[in-house]
Amino acid sequence: MMKSGWKRILIFMLLLWQVLLLAGCDYYVNEQPAQQVPVPFYNRDSRGRADTIGKLGTYSISIPAGVIDGWARYVGDPGDFADPKIKAKYQRPPESYDLPIESFGFQYRITDGDVYTSFRQTEEDYRRDNETLIPYGKPFPWASVSVYGQYDAAAPLNFNFTVQDDFRSARDVTHFDYVQQEQPLYNLTIYRANNGIDPQTGEPWKWDDNAKDILLKKDQAGNIKTYIKCQFTHHINSCRHMFYNDDWHIQVWISYSRSYLPQWQEMEGNIIKILDSWRVSREGKLLGKQIGKA
């Protein structure tokens with residue numbers, strides 16, 4: 001009986017040793033380090049801050065640190081109001097110069113084509129202008145810029161449908177038509193709500209919430225590439241300016257004081273110039289001098 005009992009114990013110990021050995025092998029396999037993703041090269045400013053990198057529309061870019069107003073959103077990132085559980089589980093792909101950027105924003109100075117950057121003279125300029133111009137009703141020389149990468153190959157890079165839909169909405173909801181004016185304004189075709197007359201009073205509009213001026217610019221093929229809506233009844237009127245760029249495959253939104261509307265073409269050109277200065281190779285090598293670098 002004693003020998004039989006010892007045999008059982010020995011067999012049990014051998015089986016237990018084999019189980020532990022197999023478990024140890026499995027643990028070893030599972031604990032092998034994951035394949036390391038190459039860390040991309042980052043351009044940095046004079047304070048050592050790394051640029052924001054990715055691919056905007058057509059081109060890889062390196063946005064100088066301190067320029068972005070808020071943060072850059074990449075394609076696939078959960079929205080601001082997404083379920084917190086979804087946000088917690090989401091893992092963004094590793095950063096690279098091929099990671100598609102959905103959108104980002106920055107501040108552009110209309111008067112000289114510069115951009116706001118923290119820890120740079122423009123930060124002090126922006127603060128001073130806020131304190132000395134806005135409270136006194138003077139035109140603010142800064143424009144808020146938002147850039148959106150366009151990645152749907154089937155989506156047209158024009159505002160043809162948007163404009164027609166806005167005209168239809170005015171007719172069906174607020175019961176007036178937009179009337180094209182005979183004379184262009186700053187090389188833009190201008191439309192005024194009910195030809196500038198409030199249909200309820202028979203007098204010029206005193207409030208333009210649903211009756212802003214619409215200004216358009218078409219390309220040679222007749223597609224609307226620039227779409228601007230401007231206030232006209234306020235002490236300081238503002239404009240919301242949108243345009244497409246075919247080369248970059250982007251849509252750009254700009255908000256600014258209407259007093260700067262005559263410079264709309266210059267603004268479009270300068271914003272593309274700024275983006276061009278941030279272009280890099282796929283390895284992160286700068287292709288020019290970055291505008292806005294601290």
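Every value quoted in this text rests on a predicted model; they were computed, and no experiment measured them.
Residues Phe140 and Tyr126 bring their aromatic ring centres within 6.0 Å. No close placement of the Tyr186 and Trp264 rings is indicated, their centers lying 6.0 Å or farther apart.
The closest side-chain heavy-atom distance from Phe106 to Val147 is below 4.5 Å. Between Trp248 and Leu275 there is a side-chain heavy-atom pair separated by less than 4.5 Å. You'll find the side chain of Asn237 stays beyond 4.5 Å of the side chain of Cys230, heavy atoms only. Between Ile101 and Ile61, some side-chain heavy-atom pair lies under the 4.5 Å cut-off. Using a 4.5 Å heavy-atom threshold, the side chains of Gln181 and Asn195 count as touching. At least one side-chain heavy atom of Arg171 sits under 4.5 Å from a side-chain heavy atom of Asp177. Contact annotation: the side chain of Asp112 never approaches that of Pro141 to less than 4.5 Å [non-hydrogen atoms, C-beta and beyond]. Here the side chains of Lys206 and Asp198 are not in contact, with every heavy-atom distance at 4.5 Å or above.
Ser62 places no side-chain N or O within 3.5 Å of a backbone atom of Val280 that could act as its donor or acceptor partner. Listed for the His249 side chain is a donor-acceptor partner under 3.5 Å among the backbone atoms of Gln150. With Tyr108 contributing its side chain and Trp142 its backbone, the two residues share no donor-acceptor pair below 3.5 Å.
Under the rule for a side-chain contact (heavy atoms from CB on, under 4.5 Å), the partners of Pro93 that lie at least two apart in sequence or sit in another chain are Tyr90, Leu99. For Ser238, the side-chain contact (heavy atoms from CB on, under 4.5 Å) partners two or more places apart in sequence, or in a different chain, are Gln231.
Nearest heavy atoms, Ser60 versus Asp98: OG-OD1, 4.2 Å. Smallest separation of non-hydrogen atoms from Gly292 and Val67: O-CG2, 3.8 Å. Between Ala72 and Thr52 the shortest heavy-atom distance is CB-CG2, 3.9 Å.
Each of Arg120, Gln121, Gln107 was scored for a side-chain hydrogen bond (donor to acceptor under 3.5 Å, both in side chains) with Asp114, with one residue passing: Arg120.
Annotation: the span from Thr226 atom OG1 to Glu268 atom CD amounts to 3.5 Å, rounded to 0.5 Å.
A salt bridge is defined here as a Lys NZ or Arg NE, NH1 or NH2 lying under 4.0 Å from an Asp or Glu carboxylate O, and Glu123 with Arg127 meets this definition. Under a 4.0 Å N-O distance rule, the pair Asp51/Lys293 qualifies as a salt bridge. In summary, Arg258 and Asp213 engage in a salt bridge, as defined by a charged side-chain N under 4.0 Å from a carboxylate O. Between Asp165 and Arg168 a salt bridge is recorded (basic side-chain N to carboxylate O distance below 4.0 Å).
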Report task. Could you give me the CA-CA distance, side-chain angles and deciding distance for Trp71 and Asp77, then say whether side-chain contact (heavy atoms from CB on, under 4.5 Å) is met? Result -> CA-CA 12 Å; Trp71 59 88; Asp77 284 358; over 6 Å; no
Requested in this report: Kindly indicate, with the supporting measurements, whether the criterion side-chain hydrogen bond (donor to acceptor under 3.5 Å, both in side chains) is fulfilled by Thr174 and Asn210.
Outcome: CA-CA 8 Å; Thr174 49; Asn210 297 313; over 6 Å; no
Requested in this report: Check step by step if side-chain hydrogen bond (donor to acceptor under 3.5 Å, both in side chains) holds for Tyr116 and Asp125.
Outcome: CA-CA 9 Å; Tyr116 170 100; Asp125 296 344; over 6 Å; no
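As a member of the Ile/Leu/Val/Met/Phe/Trp/Tyr network built from side-chain separations under 4.5 Å, Phe176 groups with Tyr148, Leu157, Phe159, Val163, Phe167, Tyr178, Tyr191, Trp205, Ile214, Leu216, Ile224, Tyr227, Phe232, Met242, Tyr244, Trp253.
Grouping the Ile, Leu, Val, Met, Phe, Trp and Tyr side chains by contacts below 4.5 angstrom, directly or via other members, places Val115 with Ile250.
Geometrically, Arg92 does not engage Tyr74 in a cation-pi contact, judged by NZ or CZ lying under 6.0 Å from the ring centre and within 45° of the ring axis.
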